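The structure presented is a predicted model; accordingly, all values stated were derived computationally and were not measured. Values below: all heavy atoms of this structure, side chains included; hydrogens, waters and symmetry mates excluded.
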Amino acid sequence: MSKLILALDQGTTSTRAIAFETAPEGGLRPVGVSQIALAQHFPQSGWVEHDAAEIWDAALQTCRQVIAEAGGVERFAAVGITNQRETAVMWDAATGAPLHRAIVWQDRRTAEVTGRLAAAGHEPMVQAATGLILDPYFSASKYAWLLDAVPGARARAGAGEVRLGTIESWLIWKLTGGAAHVTDATNASRTSLMDLRTRAWRADLCALFDVPVAALPEIRGCADLLGTCEPAALGAALPIHGAAGDQQAALVGHGALRPGEAKITYGTGAFLVANVGDAPVASTNRLLGTLGYDAQGQVAWALEGSIFSAGSAIQWLRDGLGLIDDSSQSEAMARGLDDNGGVYLVPGFTGLGAPWWDPDVRGAVVGLTRDSGPAHFVRAALESLAYQTRDLLDALEKDGAPRPAVLKVDGGVTANAWAMQVVADVCEVTVERPAFQEMTALGAAKLAALGIGLIGDLEDHPVEAPTRWTPRMEAEARERLLKGWRAAVKAAIVAVP
């Protein structure tokens, strides 16, 4: 009987565990899953929090359920973890109790801090060292806020009594009973505190953000031994032998392991990650330099572009406007129109991500006429995914990175075949959707399987052939649409008070 890998995928809206086994034709395939939704907390406008204790409880429950359904813990060889990135947790080193709700990656409460640092001229140094711009999106300013918000936390952190980390660090700490305070290099690369080339914390960056190095976890590779579960947690001393942030894990899951290969995950937001090879690429077009993976001597660097509103734009049509009862209705409504009627939606509900990085932009609908109806809003929301993806691919090309011939996609929105055809048409690229969609969990499982020697490489061996969409739009029509999109974005930016 084959050994299994337990992948723990802790996301923004849910926590899930998936068991994977080696397939006869190679690679890994899922054999069991458990999932629990995660409550979202919005204490103020622009603030987003999660309960770290709730995350731990859900992780434990989903893992135990999958282990039981798979036939018992003795069938499992290792644990792999993937997680929502940049979300900051602070906890008591002695008791393991969270000292504050976790500050989620979407949270904007530290915008004034990062804006002040940028105005003081620190961004070029930060970007050169980390690949990241100065933005509250990343963990460092969140850590500092937590230390200042909780009475006595900063002094206790200096005395070694407080721990700081992203979600995978928190989960590893809990799984190991406090024996391991570690992070993997991809998650560390999203904090604004790690030197991208040396993959080590930088004292000058920690000083800039006022975060004590002593409170941070040890940085390890993505397929290293990160700790050993205490038997009381999952029923045996399983090794935790793989970890990566969700978008990097998806890169591995898709098998985008060569320069020029790229994936985009269309979830609440959308995240394009492009493999740029064995050396970092400095972006001059507001993309993010990041680590793709560091696993058993295999290292790949990446450029990333973030779209803040993707699936959330479809949710807005449903929950905000009531134009659809279910997301699946959007495809038929969009197909029912001959064209977009000149209507464009700029989904700046929480600002615009790459390549603009403008947190003050708000959503805008441009081009409405008396002929515009609900279907035009729906179609404009779906088309905005393609336009924003095209902007990221154009920025990637301007940075000198190879433009992908195939764009590997995953996420809930990819169930909409019409929208994926528009992405292919607007971006002039073949779009490829794997039959199995849980790429983040698959990536974590592959890293863990590599770490313990269950598989020999990270190459993907899909059990089922992917679905593909190829470009078929005429160049003149494409350029007309893109011209309208660029005018709409300009109008939204100009409208900022």
Would you give the length of the straight line joining atom OG1 of T191 to atom CG of L132, rounded to the nearest 0.5 angstrom?
-> 7.5 Å
Write down the atom of S169, the atom of T183, and the distance for their closest heavy-atom approach.
-> OG-CB, 3.4 Å
If you look at every heavy atom in L382 and A419, which pair is closest and at what distance?
-> CD2-CB, 4.2 Å
Could you pull out all residues at least two apart from Q315 that satisfy side-chain contact (heavy atoms from CB on, under 4.5 Å)?
-> S312, R318, D319
H41 side chain to H50 backbone, donor-acceptor under 3.5 Å = no
Any side-chain heavy atom of Q35 sitting closer than 4.5 Å to one from T62?
-> no
Donor-acceptor contact present, side-chain S384 to main-chain V346, <3.5 Å = no
Electrostatic pair R478:D425 at N-O distance under 4.0 angstrom | no
Return yes if some donor-acceptor pair links the side-chain N/O of T166 with the main-chain N/O of E168 below 3.5 Å, else return no.
-> no
Under 30°, 30 to 60°, or over 60°: which ring-plane class applies to Y387 and Y344, parallel, tilted or perpendicular?
-> tilted
Taking only residues at least two apart or on different chains, which pairs with a member in residues 279-294 satisfy salt bridge (charged side-chain N to carboxylate O under 4.0 Å, His left out)?
-> E123-R286, R199-D294
V299 and L291: side-chain contact (heavy atoms from CB on, under 4.5 Å), yes or no, with the steps?
-> CA-CA 8 Å; V299 179; L291 182 65; 4.0 Å; yes
Interatomic distance, H376 atom NE2 to L345 atom CG [nearest 0.5 angstrom] | 13.5 Å
Test item: side-chain donor near acceptor, T114 and Y137, under 3.5 Å | no
Is a side-chain donor-acceptor pair under 3.5 Å present for T186 with Q248?
-> no
Short side-chain donor-acceptor distance under 3.5 Å, T265 and D410 | yes
Indicate whether any N or O donor in one side chain lies under 3.5 Å from an N or O acceptor in the other, for T440 and D9.
-> yes
Output the distance between atom CZ (R75) and atom CD1 (I5), rounded to the nearest 0.5 Å.
-> 12.0 Å
Answer yes or no: is there a side-chain heavy-atom contact under 4.5 Å between M439 and P434?
-> yes
Side chains of V126 and I133: closer than 4.5 Å at any heavy-atom pair?
-> no
For R390 against C427, the heavy-atom pair lying closest together = N-SG, 3.5 Å
Just one of Q40, Q44, R109, Q106 clears the side chain to side chain donor-acceptor pair (under 3.5 Å) bar with E49, so which one?
-> R109
Are any of the side-chain heavy atoms of W145 and V113 separated by less than 4.5 Å?
-> no
With side chains defined as the heavy atoms from C-beta onward, is the minimum distance between T130 and F138 less than 4.5 Å?
-> no
If you round to the nearest 0.5 Å, how far is CZ of R486 from CG of L481?
-> 10.5 Å
Can you tell me how far the CG atom of L317 sits from the CG atom of D325, to the nearest 0.5 Å?
-> 12.0 Å
Step by step, would you call T284 with D399 a side-chain contact (heavy atoms from CB on, under 4.5 Å)?
-> CA-CA 6 Å; T284 57; D399 278 335; 3.3 Å; yes
Counting only N and O atoms by type, is there a donor-acceptor contact under 3.5 Å from the side chain of K446 to the main-chain atoms of V252?
-> yes
To the nearest 0.5 Å, how far apart are CD1 in I55 and CD in Q10?
-> 4.0 Å
Does some side-chain heavy atom of M333 sit less than 4.5 Å from a side-chain heavy atom of P374?
-> yes
Basic-acidic side-chain contact under 4.0 Å: E428, R403 | no
Here the pair of heavy atoms bringing L288 nearest to S306 is CD1-OG, 4.3 Å
Which residues share a side-chain contact (heavy atoms from CB on, under 4.5 Å) with A302, sequence neighbours left out | V273, T290
Counting N and O atoms only, with roles assigned by atom type, does the side chain of S139 sit under 3.5 Å from a partner on the main chain of E86, one being a donor and the other an acceptor?
-> yes
Just by distance, with hydrogens left out, do N83 and W170 show a side-chain donor and acceptor under 3.5 Å apart?
-> no
Is the shortest heavy-atom distance from the side chain of Q84 to the side chain of L38 under 4.5 Å?
-> yes
Residues at least two apart in sequence or cross-chain that pass ring pair (Phe, Tyr, Trp, His ring centres under 6.0 Å) with F76, listed by chain then number, are none
Under 3.5 Å: donor-acceptor pair, side chain of R379, backbone of L337 = yes
Mind checking what makes ring pair (Phe, Tyr, Trp, His ring centres under 6.0 Å) contact with Y293, not counting sequence neighbours?
-> none
Heavy-atom pair with the smallest gap, counting every atom of A310 and L385 = CA-CD2, 3.5 Å
Would V426 and T389 satisfy side-chain contact (heavy atoms from CB on, under 4.5 Å), going step by step from the backbone distance to the final call?
-> CA-CA 9 Å; V426 168; T389 303; over 6 Å; no
Within a strict 4.5 Å, meaning less than it, do heavy atoms of the M420 and Y266 side chains meet?
-> yes
Taking all non-hydrogen atoms of both residues, which atom of W356 and which atom of I493 are closest, and how far apart?
-> CD1-CD1, 3.9 Å
Quick one: which residue pairs count as a salt bridge (charged side-chain N to carboxylate O under 4.0 Å, His left out) with a foot in residues 259-280, not counting sequence neighbours?
-> R258-E261
Derivation and outcome, side-chain contact (heavy atoms from CB on, under 4.5 Å), residues R472 and Q421 | CA-CA 9 Å; R472 61 190 187 196; Q421 182 61 55; 3.6 Å; yes
